[in-house]
Every structure is written in C-alpha cells, then in structure tokens.
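In what follows, a single structure is set out as structure tokens and then discussed.
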Amino acid sequence: MTATVERMVLGPVQANTYILTDNETNQTAVIDAGDCPKALLDALGTRDVRYILLTHGHYDHILGVPTLKAAFPNAQVCIHALDADCLRDPQKSLAAAAEIREMPITPDRLLEEGDEIALGGTRLCVLHTPGHTKGGVCFADYENRLLFTGDTLFCLTAGRTDFPGGSYEELLASLLRLRGLDGDFTVYPGHNRATTLDAERRRNRYMRRLGV
Ligand SMILES: [Zn+2]
Ligand SMILES: [Zn+2]
C-alpha cells in the first residue's frame, strides 16, 4: 500500500501537522493539529478522515483538534493514555503557561505501546516514547518507512525534557530505541523539517552520544 504525506505548519509555535492518506482507499489520519485553519480543512477536502492522532498532549499540537473534530465527527481522537489528561487540563498541556485558552477535548481512543492504526492497507504502529512527555508516542509505518516522531526526535536534535512529566533518562532510552529500529525511515518530526533516521543516527548529537 502506498501512502502520501503532506505537511502544514500551524499554530502559535509553528508545529507540524501531517496529513497521511492511504492512496488506495483515501482513508486519512491527521497527525497533530496545532490549529485548524480553513487551509487545513480545504486540504482535507473530501478525504475520509478516520483519525486525529496526537503524538503528545502539549497545546501546540492539540489546539486545532476541537475544530477539526467538529468538521470530521467520525474521526477518532487518539492519544496515549498517559497524556490524555493534557486534553482537559491547560496546566498539563502548557496552554495556561502560554496564556492560551483551549477547549477541552474528549479522546475517543487511548493508545498504548504496540497498538495498530489502520488506514485501508496502510498501518501505523504506536511506539511509546516517553521523555518529552510521559505519554509521548511515535507512529511508524514499517511498509512505507515513515516515522512520525512528535517532539521526541527532531532533525539534529531532540525534545526538551524540562517540562512537567519530562525525563532526560526516558528521552535517551526512547532515542536509543528509535536508533535501533531496523532500516531507514523518513522522519517527520513535530517541528521543523523532515529528516531520515540514518542521517540522525550519524549526525544527531543525542543519538551519537548514546552507548552502543
Ligand atoms: Zn511538546
Ligand atoms: Zn511541540
């Protein structure tokens, strides 16, 4: 199954929103939504939006979810169980600290390590990768070699660990795990540009520092 990835940079902190569409069935997942402008709704158009997948619960990745969910009520809002309280607690999502008002969100499905999200024949596997937040996840499409890493892994760097629920040790363990995945992936992080896992294995200062 082939799948298409499109990116939009949205919201107050310029977070990446990804639109992942299974080419055969038109089934689509939106991965993170820092805002939901008309441009996003237009891009989604008549696609069959099945999921709103959240890499973690920080406000810069979720502010657009209420509007998106209203436009696609059948789409399931999915977040790891350990970050679910961010969806109704502006202290935990950091919205309060940023003085941004957000609407509470009720998740439709709580994710756990190893869960699978199906878009037609396209499959995303949930990897629990704590460190930036307790319930941070990456979504891996092993067939199309796509890895959505949220704020765990960025091009040449990694997510902060100084927010509540963050842990430097957990982040390093998560990066070690990503580094150890078989083969190469295109990496789609939560901010800034895409990269590849091989490039990060060679050049990322956190990954390079990890033991063998
Ligand atoms: Zn974050
Ligand atoms: Zn972020």
Side-chain angles (χ1 to χ4, degrees), residues 5-20 29-37 40 51-68 77-105 107 110-111 113 124 126-140 146-175 177-178 186-195 200 204-207:
V5 180
E6 291 152 81
R7 177 177 86 127
M8 295 185 79
V9 181
L10 299 175
V13 193
Q14 301 281 285
N16 290 324
T17 287
Y18 296 103
I19 304 171
L20 173 70
V30 178
I31 300 171
D32 290 341
D35 192 6
C36 186
L40 175 59
Y51 297 101
I52 300 166
L53 303 177
L54 302 175
T55 59
H56 64 297
H58 284 159
Y59 74 97
D60 57 318
H61 298 256
I62 68 173
L63 285 174
V65 172
T67 306
L68 189 58
V77 176
C78 306
I79 189 166
H80 191 278
L82 292 177
D83 267 16
D85 49 3
C86 294
L87 300 185
R88 62 189 87 86
D89 184 342
Q91 304 290 338
K92 293 195 165 136
S93 75
L94 306 179
E99 297 186 351
I100 283 177
R101 209 180 306 162
E102 64 181 11
M103 307 245 296
I105 301 161
L110 297 180
L111 300 174
E113 165 68 29
L124 285 176
V126 175
L127 312 181
H128 181 211
T129 51
H132 177 67
T133 63
K134 284 234 167 298
V137 297
C138 296
F139 298 103
L146 315 173
L147 186 61
F148 298 89
T149 57
D151 288 3
T152 299
L153 173 65
F154 298 121
C155 182
L156 298 176
T157 184
R160 290 171 60 167
T161 57
D162 56 335
F163 296 126
S167 157
Y168 187 65
E169 288 68 33
E170 285 183 346
L171 183 77
L172 290 185
S174 293
L175 293 173
R177 179 176 179 200
L178 295 179
T186 304
V187 172
Y188 296 99
H191 299 272
N192 301 318
R193 63 188 175 88
T195 179
E200 297 313 305
N204 186 290
R205 59 198 165 106
Y206 293 90
M207 282 201 172

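Count residues from 1 along the sequence. Keep in mind that the numbers below use all heavy atoms, side chains included, and drop hydrogens, waters and symmetry copies. These numbers come from a predicted model, not from an experiment. Counting starts at 1 for both ligands and their atoms, following the listed order.
- Summary: ND1 is the N/O/S atom of H58 found nearest to the Zn ion (ligand 1).
- Distances from the Zn ion (ligand 2) show that H191 has an N/O/S atom below 2.8 Å.
- For D151, the N, O or S atom with the smallest separation from the Zn ion (ligand 1) is OD2.
- With the Zn ion (ligand 2) as the vertex, NE2 of H61 and OD2 of D60 span 90° to the nearest 10°.
- Within a 6.0 Å radius of CZ in R7, more than 12 heavy atoms belonging to other residues, nucleotides or ligands are found.
- Here the straight-line distance linking atom OG of S93 with atom CD1 of I62 works out to 5.0 Å at 0.5 Å rounding.
- A donor-acceptor pair is defined here as one N or O able to donate and one able to accept, closer than 3.5 Å; no such pair exists between the side chain of E170 and the backbone of K134.
- Residues P189 and L153 come closest through the heavy atom pair CB-O, 3.3 Å.
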